[in-house]
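One structure is given below, encoded as structure tokens.
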Amino acid sequence: MAKRVVVAMGGSAILKHNQKPEFDVQMENIKRNAEEIAKIEAMDYEVVLTHGNVPQVGNILRQNEIAKDVVPASPLDACNGESQGYIGYMLEQSLKNVLKKNRSSANVVTLLTEVEVDLEDPAFENPSKPIGIFYSEEQAKYLRAKKNWVMVENKDHGYRRVVPSPNPSMIHGVDSVIHLLEQNNIVIAAGGGGIPVYQTEDGFLAGVEAVIDKDLTGRKLAEQVGADIFMILTDESTVSVKDNRNREKSLQDVSVDEAQAYLQSGQIISERMKSKVAAGIEFAKIGGTSIICALDEAGLALEGKVGTHINCV
């Protein structure tokens with residue numbers, strides 16, 4: 001029986017910070033990355049692919065702002081859905097072309113995915129995730145009063161909106177994801193952390209303006225689909241830490257307890273790796289294996305040759 005892996009790919013794999021946000025640029029990046037994802041499928045894994053969307057949703061919000069006097073701006077949850085479709089289209093097409101070139105019988109399906117959050121999550125009392133463009137002090141005062149936005153100052157750029165970043169409590173549509181996997185499909189789901197929704201008092205779903213961390217959503221997705229492996233793809237080959245003598249070393253195979261100790265002691269060097277390690281720990285706690293590795297080494301990491309592997313024991 002094929003093993004099941006959830007692969008979380010960062011938004012920077014689609015558009016790097018120093019690149020222009022042109023469609024052709026993003027498509028070329030994705031075409032290269034699709035080759036690596038196709039290698040995983042060729043290793044007889046059932047693959048669920050999720051992705052970041054920070055650069056893309058930022059550009060959508062910027063378009064909203066520029067065109068607001070002509071076209072009404074969309075709420076953040078709708079912008080997230082738009083980015084899911086936009087990125088999903090590029091990923092699906094690129095993967096289908098690589099699979100055809102490789103003479104694989106697998107297909108690719110993109111699912112627009114809603115992710116439920118709890119309005120009682122403390123994140124709603126403490127918005128912290130910066131989004132969109134920078135504003136002047138005068139504009140920030142107006143937006144606070146007009147839209148009730150929470151604005152924070154950046155001394156070098158001006159003011160920026162911050163929104164809640166709650167934990168994902170449930171991913172919708174998982175039964176469909178599992179069915180598609182069993183029908184030999186690579187499934188692209190929960191992109192950008194998913195479209196954040198909540199349940200009303202009547203039990204209906206409604207969108208909420210928030211941003212969910214893609215690695216936490218990926219971990220939850222891996223749990224709900226019963227994955228064997230949760231893989232986080234980054235720009236770095238391994239997680240690097242500093243020991244008690246301030247010497248740098250790369251983590252390879254570590255237990256949950258060891259990874260937790262590194263996280264709590266502040267020994268992990270890269271700030272952005274901390275959330276990835278935390279998500280990996282949570283998945284390993286339920287008996288799976290978490291892998292953090294470079295995108296172009298995903299196949300090698302699944303063979304146990306590279307990457308940081310976090311296991312339950």
Roughly how far, to the nearest 0.5 Å, is [atom2] of [Y] from [atom1] of [X]?
| X | Y | atom1 | atom2 | answer |
| --- | --- | --- | --- | --- |
| Thr50 | Ile188 | OG1 | CD1 | 9.5 Å |
| Glu35 | Ile40 | CD | CD1 | 12.5 Å |
| Ile292 | Thr234 | CD1 | OG1 | 7.5 Å |
| Asp77 | Glu209 | CG | CD | 6.0 Å |
| Asp296 | Ser237 | CG | OG | 7.0 Å |
| Ile212 | Lys129 | CD1 | NZ | 12.0 Å |

Does Arg161 qualify as a cation-pi partner of Trp149, given the criterion of NZ or CZ under 6.0 Å from the six-membered ring centre and within 45 degrees of its axis?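 Geometry flag: set, cation within 6.0 Å and 45°.
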Measure from the side-chain N and O atoms of [X] to the backbone N and O of [Y], and report whether any donor-acceptor pair falls under 3.5 Å.
| X | Y | result |
| --- | --- | --- |
| Asn154 | Asp156 | yes |
| Asn33 | Asn29 | yes |
| Gln84 | Thr113 | yes |
| Ser240 | Ile269 | no |
| Ser169 | Glu116 | yes |
| Thr308 | Val239 | yes |
| Ser74 | Ala78 | no |
| Arg144 | Met151 | yes |
| Ser265 | Tyr262 | yes |
| Gln224 | Ile171 | yes |

Between [X] and [Y] (salt bridge meaning N to carboxylate O under 4.0 Å), is one present in this structure?
| X | Y | result |
| --- | --- | --- |
| Lys274 | Glu271 | yes |
| Glu65 | Arg62 | no |
| Lys276 | Glu236 | no |
| Asp213 | Arg219 | no |
| Glu223 | Lys285 | no |

Heavy atoms only: give me the nearest [X]-[Y] pair and the separation to one decimal.
| X | Y | value |
| --- | --- | --- |
| Phe230 | Ala8 | CE1-CB, 4.0 Å |
| Ala294 | Leu233 | O-CD2, 4.2 Å |
| Cys293 | Met231 | SG-CE, 4.2 Å |
| Val208 | Val197 | CG1-N, 4.2 Å |
| Gly85 | Leu112 | N-CD1, 4.3 Å |
| Val98 | Ala34 | CG2-CB, 4.0 Å |

Check against side chain to side chain contact (heavy atoms under 4.5 Å, CB included), Val71 and Gln63: CA-CA 10 Å; Val71 180; Gln63 290 171 334; over 6 Å; no
Any heavy-atom pair between the side chains of [Y] and [X] that's under 4.5 Å?
| X | Y | value |
| --- | --- | --- |
| Val7 | Ile37 | yes |
| Ile310 | Phe283 | no |
| Ile178 | Arg4 | yes |
| Met27 | Gln93 | yes |
| Asn64 | Cys79 | yes |
| Val115 | Ile195 | no |
| Ser136 | Tyr159 | no |
| Val162 | Ser128 | no |

Group every Ile, Leu, Val, Met, Phe, Trp and Tyr by side-chain heavy-atom contacts under 4.5 Å, then state whether [X] and [Y] land in the same group.
| X | Y | answer |
| --- | --- | --- |
| Ile186 | Ile30 | yes |
| Leu251 | Ile229 | no |
| Leu61 | Phe134 | no |
| Leu49 | Leu111 | no |
| Val256 | Leu263 | yes |

Passes side chain to side chain contact (heavy atoms under 4.5 Å, CB included), Gln26 versus Met90? Steps please. CA-CA 8 Å; Gln26 297 181 69; Met90 293 189 289; 3.9 Å; yes
Would you say [X] has more than 12 foreign heavy atoms packed within less than 6.0 Å of its [atom1]?
| X | atom1 | value |
| --- | --- | --- |
| Phe23 | CZ | yes |
| Gln252 | CD | no |
| Glu138 | CD | no |
| Lys305 | NZ | no |

Going by distance alone, is a donor N or O of one side chain under 3.5 Å from an acceptor N or O of the other, for [X] and [Y]?
| X | Y | answer |
| --- | --- | --- |
| Ser255 | Asn311 | no |
| Thr110 | Glu92 | yes |
| Glu82 | Gln56 | no |

Could you go through Val48 and Val5, starting from their C-alpha distance and side-chain angles, then the distance that decides it, and tell me whether this counts as side chain to side chain contact (heavy atoms under 4.5 Å, CB included)? CA-CA 6 Å; Val48 183; Val5 57; over 6 Å; no
Does the pair Tyr198 and Asp118 meet the rule for a side chain to side chain contact (heavy atoms under 4.5 Å, CB included), with working shown? CA-CA 6 Å; Tyr198 69 97; Asp118 185 351; over 6 Å; no
